[in-house]
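Input: a single structure, listed below in structure tokens.
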Protein chains: 2
Amino acid sequence: MSRPPKARNKALLAYCELLRSDGERATTIDAVAARADISKGGVLYHFPSKEALAEAALEWFREECEHDLVTMAEAPEGPSRHYVRTSWTGGSELDTAYVAMLRLAQSSWQPAIDALEWVHAAWLDQIRSEVDDKFAAEAIMLIGEGLYAHSSMPGEWSRGTFARSIDQLLEQVDRLKD
Amino acid sequence: MSRPPKARNKALLAYCELLRSDGERATTIDAVAARADISKGGVLYHFPSKEALAEAALEWFREECEHDLVTMAEAPEGPSRHYVRTSWTGGSELDTAYVAMLRLAQSSWQPAIDALEWVHAAWLDQIRSEVDDKFAAEAIMLIGEGLYAHSSMPGEWSRGTFARSIDQLLEQVDRLKD
DNA sequence: GTCTATATGCTGATAGAC
DNA sequence: GTCTATCAGCATATAGAC
């Protein structure tokens, strides 16, 4: 396992964060370079094209997913609570990569669409392994998805409304589980 | 009440649909003109700038929201069920305008952020008027938001998974209401 | 490995014919 | 009201210095 250059990681992280905060259109190579505090040429050395940035984000996302799926399966609180709770971390590496994938999928980038379908199916499978009722499991998953949507929404309302509700929302999840 | 030119409406609808299906970056004036089957000059006659298109979408969204808030308040099934059920229509006018606003908010367009915060607060208020438990109300709203997120997701998994679950998801909503 | 130019193509917007 | 040119600016990508 090689030690990837620091500038490469900084650029990749800046790319994902920009997708989240400013959207695909504003996520130019110039903006990535500025946010990562390196030059445009430096970015294009590590990622020879813009699509190479997306592909690197995809690979990072897949690694974070595989790690998360293990954690989720082993979580003492159970997969449902783990899933919903981590839908509102707003800063974990999985979270950053996931929102970047959402943005890329929304711009119809097929590899992102495929990766998201795969992990959505895997997440729902794990919830269903804990929750007998098929539709209760789907409802739990949707609560998590709703939290994701709001956690990546600009503006203060979402944060102000849901940030301090997480523990009580987990109790609602418990009610659905039975 | 004037009769707006047909081309104007076609362009506005094409703009919103493109935002949903292809994302902000691909939603160029050229693409809008092609989808609406008019010329670029024709689009720019009705909307002198690209932001004018966004502003028209915003106005349309507000009108649809005000209509929906009345319908929601009067819905015989109650606001919660109405809200969750209409989160998966995938083709209503509110739906089209709402997803366009989500995309514009995700690209940090402040008027879209403000409009979404306003309507989210209004929707949650109505759900809370029906559901005593504050957090049950939030959970219900999040189920609807999750459905929205999945209904505007490209790819088949979301549609295949949730499309035929709506009735049973509404039963989960009923469970949370009590 | 990182930088500063520079080339090429696309996007938003204008002018003016019909 | 709608069209066809056309321009100016920006984004991606390349070349080559250090």
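A, B, ... follow the sequence lines: proteins, then strands. Residue 1 opens every chain. Worth knowing before you read on, the calculation uses all heavy atoms, side chains too, and leaves out hydrogens, waters and symmetry mates.
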Any side-chain N or O of Y45(A) under 4.0 Å from OP1/OP2 of dT2(C)?
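Negative; the distance criterion is not met.
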
Can you see if the side chain of R25(B) gets near the phosphate of dC10(D) - specifically, an N or O under 4.0 Å from OP1 or OP2?
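No, outside the criterion.
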
[X] has an atom [atom1]; how far is it from atom [atom2] of [N], in whole Å?
X: D30(B); N: dG12(C); atom1: CG; atom2: P; value: 8 Å
X: R8(A); N: dC3(C); atom1: CZ; atom2: C1'; value: 19 Å
X: F47(A); N: dA13(D); atom1: CZ; atom2: P; value: 13 Å
X: E24(A); N: dA11(D); atom1: CD; atom2: P; value: 14 Å

Treating Ile, Leu, Val, Met, Phe, Trp and Tyr as nodes and any side-chain heavy-atom pair under 4.5 angstrom as an edge, say whether V99(B) and W118(B) lie in one connected cluster.
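V99(B) does not cluster with W118(B).
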
Identify the pairs formed between an N or O of the protein and an N or O of nucleotides 13-17 of chain C at a distance under 3.5 Å, and give each distance.
residue : atom : partner : partner atom : Å
dA13(C) : OP2  : K50(B)  : N            : 2.8

Assign S39(A) to base, sugar-phosphate, or nothing according to its heavy-atom contacts below 4.0 angstrom with the strands shown.
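Base contact.
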
Taking D174(B) first and then K177(B), would you say they form a salt bridge - that is, a charged N and a carboxylate O separated by under 4.0 Å?
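Yes, this pair counts.
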
Using a strict threshold of under 4.0 Å (side-chain N to carboxylate O), is an ion pair present between R20(A) and D95(A)?
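The answer is yes: the pair qualifies as a salt bridge.
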
Can you label the angle between the Y83(B) ring and the W123(B) ring as parallel, tilted or perpendicular, going by 30° and 60°?
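Correct class here is tilted.
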
Aromatic ring pairing W157(B)/F162(B), orientation class (parallel under 30°, perpendicular over 60°, tilted between):
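Because their plane-to-plane angle is over 60°, the rings of W157(B) and F162(B) count as perpendicular.
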
Considering residues at least two apart in sequence or located in another chain, which fulfil the salt bridge (charged side-chain N to carboxylate O under 4.0 Å, His left out) criterion with R159(A)?
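E156(A).
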
Closest to the T28(A) side chain: dA11(D), dT2(D), dT2(C)?
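The closest nucleotide is dA11(D).
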
Nearest-nucleotide comparison on DNA chain D, the residue closer to the 5′ end among T27(A) and D37(B)
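Nearest-nucleotide comparison on DNA chain D picks D37(B).
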
